[in-house]
2 protein chains.
Amino acid sequence: MRKRPQQQRSRELVQALIDATARVIQQQGLDNTTTARIAEAAGVSVGSLYQYFGDKESLIEALMESLAEGIGTGLRRLPLLDNDDMHALIGNAIRFGFAVLHSRDGLYLELVRNWHRLPTDRVVDVLQQHFMELARVYFLRHYRDYPIDNLEVRVFIVTNSVLFTMVRHISQHNGLIRENALATELTSMVANYMTLPPSSSEVQA
Amino acid sequence: MRKRPQQQRSRELVQALIDATARVIQQQGLDNTTTARIAEAAGVSVGSLYQYFGDKESLIEALMESLAEGIGTGLRRLPLLDNDDMHALIGNAIRFGFAVLHSRDGLYLELVRNWHRLPTDRVVDVLQQHFMELARVYFLRHYRDYPIDNLEVRVFIVTNSVLFTMVRHISQHNGLIRENALATELTSMVANYMTLPPSSSEVQA
DNA sequence: ATTGAATGCGAATACATATTCGCATTAGGG
DNA sequence: CCCTAATGCGAATATGTATTCGCATTCAAT
């Protein structure tokens with residue numbers, strides 16, 4: 001952020017700009033999201049935009065940051081560890097994921113369709129860290145079950161697998177595969193994998 | 001393609017343009033891949049480029065098409081069904097995938113890093129179709145083992161999971177996770193999932 | 001060798017959009 | 001109420017790149 005907003009009106013302006021960015025992306029698509037449109041949607045001039053954001057990108061970064069925070073909070077509120085069933089835990093997390101993707105009137109869909117040119121890593125990292133934490137707690141409780149040493153790798157695989165499969169499915173409204181079936185299958189794949197004993201074929205040419 | 005090349009020289013020119021596109025993307029990155037640079041790399045003028053390709057995009061499409069074909073051929077040559085072990089089958093396919101990603105001096109890496117703005121679906125579809133075919137043959141031979149009815153969904157999930165996990169890992173040279181470990185773990189996740197009996201919890205609210 | 005069609009050229013043009021800057025307006029402490 | 005710094009403005013500017021078009025060159029059929 002180029003300059004700190006000091007007065008009340010400018011602090012509101014900054015927030016209005018971030019909100020407007022979300023609205024424009026959601027309504028016009030990322031391609032048509034220009035500084036002019038954002039400024040207009042915020043009821044503000046382009047010049048004012050550059051008063052507080054060095055460039056368009058940093059404005060979008062601010063938006064992503066805010067979304068990542070929201071998702072983190074949402075996840076933390078989910079009572080995922082309340083029962084001890086891995087299958088249920090995974091299922092709930094995945095359903096939460098779909099809910100997020102469908103929220104905010106398609107904003108997430110548009111972002112997800114363009115994740116590659118956005119600072120998405122921020123968001124993915126939040127999720128990955130959170131799942132890592134969940135996994136640690138779970139296996140601490142159930143340590144006798146499956147002493148997983150390479151938890152890191154498994155969480156990486158699982159996070160990316162689930163995210164991308166959801167993203168691909170949603171961003172091309174694949175009519176042939178129902179979201180429920182996808183959620184169920186993803187859940188069983190992941191739950192099974194996470195409760196799999198460490199592979200003995202670890203060492204290989 | 002705007003116009004059919006009729007003479008020998010123009011057919012060579014079209015090929016030279018496609019090759020040059022690959023080279024420029026690989027050497028300069030997709031962002032710096034301009035029609036001017038492509039033409040220069042092909043030893044040709046911009047005007048000639050527009051003689052045979054309506055726009056830049058269709059030139060890139062031609063490149064993707066050619067790559068998809070190459071991958072398809074490579075897959076078909078792989079002796080995946082020679083033995084009857086699902087684990088080995090999956091492992092080989094995944095290793096082939098990594099090999100492709102590392103081939104062509106980073107061309108694939110650059111493409112993969114920007115897949116969202118490219119006609120990547122073409123390539124993904126080729127892979128998905130191929131795996132669907134493989135799965136069909138496999139379960140026809142082993143029909144007694146696991147009568148999977150929702151093969152479609154499973155192949156979708158597996159294809160996307162593997163692809164994206166590989167892509168994420170590679171496109172951010174994650175030093176913490178070794179490619180071999182990733183391949184091994186992916187293989188066991190997928191092999192296990194594909195040999196899982198149909199989920200009984202199929203029907204749920 | 002001639003000639004019309006195919007091919008090739010690249011400076012000029014069109015276009016989209018980010019970013020700046022000099023001036024106008026407003027806030028709020030004194 | 002005054003005055004200055006903060007804020008706000010938006011037409012003008014800068015930039016990058018795709019695409020065109022009138023002319024030059026080459027091909028290949030006769």
Side-chain angles (χ1 to χ4, degrees), chain A residues 1-64 110 114 116-119, chain B residues 1-64 110 114 116-119:
Chain A
M1 192 167 298
R2 164 169 296 180
K3 193 159 84 181
R4 273 286 162 75
Q6 304 190 358
Q7 303 179 353
Q8 181 60 22
R9 55 172 173 164
S10 56
R11 254 170 277 130
E12 281 165 6
L13 181 148
V14 165
Q15 192 53 52
L17 278 171
I18 294 178
D19 295 348
T21 305
R23 216 173 323 126
V24 172
I25 290 177
Q26 177 248 311
Q27 285 170 1
Q28 322 256 340
L30 188 61
D31 281 333
N32 305 317
T33 296
T34 65
T35 50
R37 279 190 230 267
I38 292 173
E40 187 192 352
V44 143
S45 86
V46 219
S48 302
L49 187 161
Y50 282 92
Q51 203 74 204
Y52 302 101
F53 296 94
D55 51 21
K56 193 171 84 158
E57 198 177 333
S58 70
L59 178 51
I60 290 181
E61 260 168 40
L63 171 62
M64 297 298 285
E110 181 62 14
N114 299 279
H116 220 296
R117 37 172 170 164
L118 296 169
Chain B
M1 190 167 298
R2 165 170 294 181
K3 193 160 85 180
R4 271 289 160 77
Q6 304 190 358
Q7 303 178 356
Q8 180 61 21
R9 56 174 173 165
S10 56
R11 253 170 278 131
E12 280 166 7
L13 180 150
V14 165
Q15 192 53 51
L17 279 171
I18 294 178
D19 294 348
T21 305
R23 218 173 322 128
V24 172
I25 290 176
Q26 177 248 314
Q27 285 169 2
Q28 322 257 338
L30 189 62
D31 281 332
N32 304 316
T33 298
T34 65
T35 50
R37 278 189 230 266
I38 292 173
E40 187 193 352
V44 144
S45 86
V46 219
S48 302
L49 187 161
Y50 282 93
Q51 203 74 204
Y52 301 100
F53 296 95
D55 52 21
K56 192 171 85 157
E57 198 177 331
S58 70
L59 177 50
I60 290 180
E61 259 168 41
L63 171 63
M64 298 296 284
E110 181 62 15
N114 298 280
H116 92 276
R117 42 173 167 163
L118 295 169

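We name chains A, B, ... by the order of the sequence lines, and we start the count at 1 in each one. All of these numbers come straight from a predicted model, not from anything done at the bench.
In this structure a side-chain-to-backbone donor-acceptor pair under 3.5 Å is missing from Q26(A) to E110(A).
Within the structure, every pair that satisfies the salt bridge (Lys or Arg N to Asp or Glu O under 4.0 Å) test and touches residues 21-33 of chain A, not counting sequence neighbours, is listed here: D31(A)-R117(A). Residue pairs meeting the salt bridge (Lys or Arg N to Asp or Glu O under 4.0 Å) criterion with at least one member in residues 35-60 of chain B, sequence neighbours excluded, do not occur.
For DNA chain C, the neighbouring residues in residues 52-62 of chain B, judged by any heavy atom under 4.0 Å, are Y52(B). Less than 4.0 Å separates DNA chain C from at least one heavy atom of each of the following residues of residues 5-17 of chain A: Q7(A), R9(A). Scanning residues 20-47 of chain B for heavy-atom distances under 4.0 Å to DNA chain D yields T34(B), T35(B), V46(B).
For R9(A), there are no salt bridge (charged side-chain N to carboxylate O under 4.0 Å, His left out) partners two or more places apart in sequence or in a different chain. Residues meeting the side-chain hydrogen bond (donor to acceptor under 3.5 Å, both in side chains) test with Q51(A), sequence neighbours left out: K3(A). In terms of the side-chain hydrogen bond (donor to acceptor under 3.5 Å, both in side chains) criterion, residue partners of S48(A) (sequence neighbours excluded) are, by chain and number, S45(A). Scored by the side-chain hydrogen bond (donor to acceptor under 3.5 Å, both in side chains) test, R11(A) finds Q8(A) as partners (sequence neighbours excluded). Legend: residues meeting side chain to side chain contact (heavy atoms under 4.5 Å, CB included) with Q6(A), ordered by chain and number and at least two apart, are absent. Not counting sequence neighbours, N32(A) has no partner by the side-chain hydrogen bond (donor to acceptor under 3.5 Å, both in side chains) test.
Pairing each heavy atom of P119(A) with each of I60(A), the nearest pair is CD-CG2, 4.5 Å. Residue T35(A) comes nearest to L49(A) through the heavy atom pair O-CD1, 3.9 Å, listed as atom of the first residue, atom of the second, then distance.
In this structure the side chain of I25(A) never reaches within 4.5 angstrom of the side chain of N114(A), judged on heavy atoms. I18(B) places a side-chain heavy atom less than 4.5 Å from the side chain of F53(B).
In 5' to 3' order, the nucleotides of DNA chain D bounding all contacts with chain A (an atom under 4.0 Å from a heavy atom) are dA6(D) to dG10(D).
As rounded to whole Å, 16 Å separates atom P of dT26(C) from atom CD of Q51(A). In this structure, Y50(A) places its OH atom 5 Å from C1' of dT19(C), rounding to the nearest Å.
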